[in-house]
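For reference, the structure is listed below as structure tokens.
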Amino acid sequence: SLNSKMASFTSKPMVEKVDHIGILVEDIESSREIYERLGVEIVKTERVPEFDVKIAFMSTGTELIELVEPLSSDNEFTQLLEKYDQSGLLHHIAFRVIDINAVLQGLKQADVGLRDPTPRTGAGGAKVAFLEQRAGNGVNIELVERDKEVI
């Protein structure tokens, strides 16, 4: 059964920490003000071609918030913002893992739905992969393996 497969798979801790919380925004510049008023500053921005987005990492000092701005009108992220008629939308939680390939293999063996069966290149050159949303009970879960910290 799936539960028994997951039980044997999860006997080893895989997640090191929460890597970041991802928030979709129509526009990073117009969205940053509320965070900056709270003392959360942008520490790094970059374009991520693999996902057709611009990313702004904001730091609370210990955690990262990732603002994700779609760069085209046909982008899946633009479509989500339009679907919910929002200029900002909580999108995902990302967990840091040491060996993303091993984690993905274990999840696959446990019949966990993977949106990305192999890692893609994310912000900062990280290896990233999303689980299928239904695998996270409606929550978008991203796995992240980094060679170096964002900041």
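Residues E132 and L114 are not in side-chain contact: their nearest non-hydrogen atoms beyond the backbone lie 4.5 Å or more apart. Under the 4.5 Å side-chain criterion, counting only non-hydrogen atoms from C-beta, V144 is not in contact with I100. In this structure, N140 and I93 have side chains that are not in contact, with every pair of non-hydrogen atoms separated by 4.5 Å or more. Side-chain contact between E36 and E41 is present, with at least one heavy-atom pair separated by less than 4.5 Å. With contacts defined as side-chain heavy-atom distances shorter than 4.5 Å, the pair I65/H20 does not qualify. Proximity of V128 to T121: side-chain heavy atoms (C-beta onward) are nowhere separated by under 4.5 Å. For the pair N101/P119, a side-chain contact is recorded, criterion being any heavy-atom separation below 4.5 Å from C-beta on. Under the 4.5 Å side-chain criterion, counting only non-hydrogen atoms from C-beta, L107 is in contact with L143.
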Test side-chain contact (heavy atoms from CB on, under 4.5 Å) on L89 and I23 and set out the steps.
-> CA-CA 6 Å; L89 185 66; I23 301 172; 6.0 Å; no
Tell me, with the steps shown, if V139 and Q133 meet side-chain contact (heavy atoms from CB on, under 4.5 Å).
-> CA-CA 6 Å; V139 175; Q133 192 169 2; over 6 Å; no
Stepwise, does the side-chain contact (heavy atoms from CB on, under 4.5 Å) test hold for Y35 with L67?
-> CA-CA 10 Å; Y35 300 101; L67 300 181; 4.0 Å; yes
Test log, rule side-chain contact (heavy atoms from CB on, under 4.5 Å), inputs E16 and F95 = CA-CA 7 Å; E16 288 188 290; F95 293 109; over 6 Å; no
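Across G124 and K148, no two heavy atoms sit closer than the pair O-NZ, 3.9 Å. Nearest heavy atom pair, residue R32 against residue M58, reads O-CE, 4.3 Å. Between I28 and I55, the closest heavy-atom pair is CD1-C, 4.0 Å. A pairwise comparison of heavy atoms in A123 and F57 identifies CB-CE1, 3.5 Å as the closest pair. Pairing each heavy atom of T62 with each of S59, the nearest pair is N-OG, 4.5 Å.
V18 is connected to V15 through a chain of hydrophobic side-chain contacts under 4.5 Å among Ile, Leu, Val, Met, Phe, Trp and Tyr, so both are in one cluster.
One finds no salt bridge joining E26 and K54 here, because no Lys/Arg side-chain nitrogen approaches an Asp/Glu carboxylate oxygen to under 4.0 Å. E149 has a carboxylate O that lies under 4.0 Å from a charged side-chain N of R96, or vice versa, which qualifies the two as a salt bridge.
Taken from CG in L64 to CD1 in I21, the straight-line distance is 10.0 Å, to the nearest 0.5 Å. Between the CG atom in L24 and the OG atom in S87 there is a gap of 11.0 Å [rounded to 0.5 Å].
Judged purely by distance below 3.5 Å, without hydrogens or angles, the side chains of H92 and E66 pair a donor atom with an acceptor atom. N75 and T78 form no side-chain donor-acceptor contact under 3.5 Å, judged by distance and modelled atom types alone.
For CG of L71, the number of neighbouring non-hydrogen atoms (other residues, nucleotides, ligands) closer than 6.0 Å is greater than 12.
Checking each of E69, H91, E82 against F77 for a side chain to side chain contact (heavy atoms under 4.5 Å, CB included) leaves exactly one that passes, namely H91.
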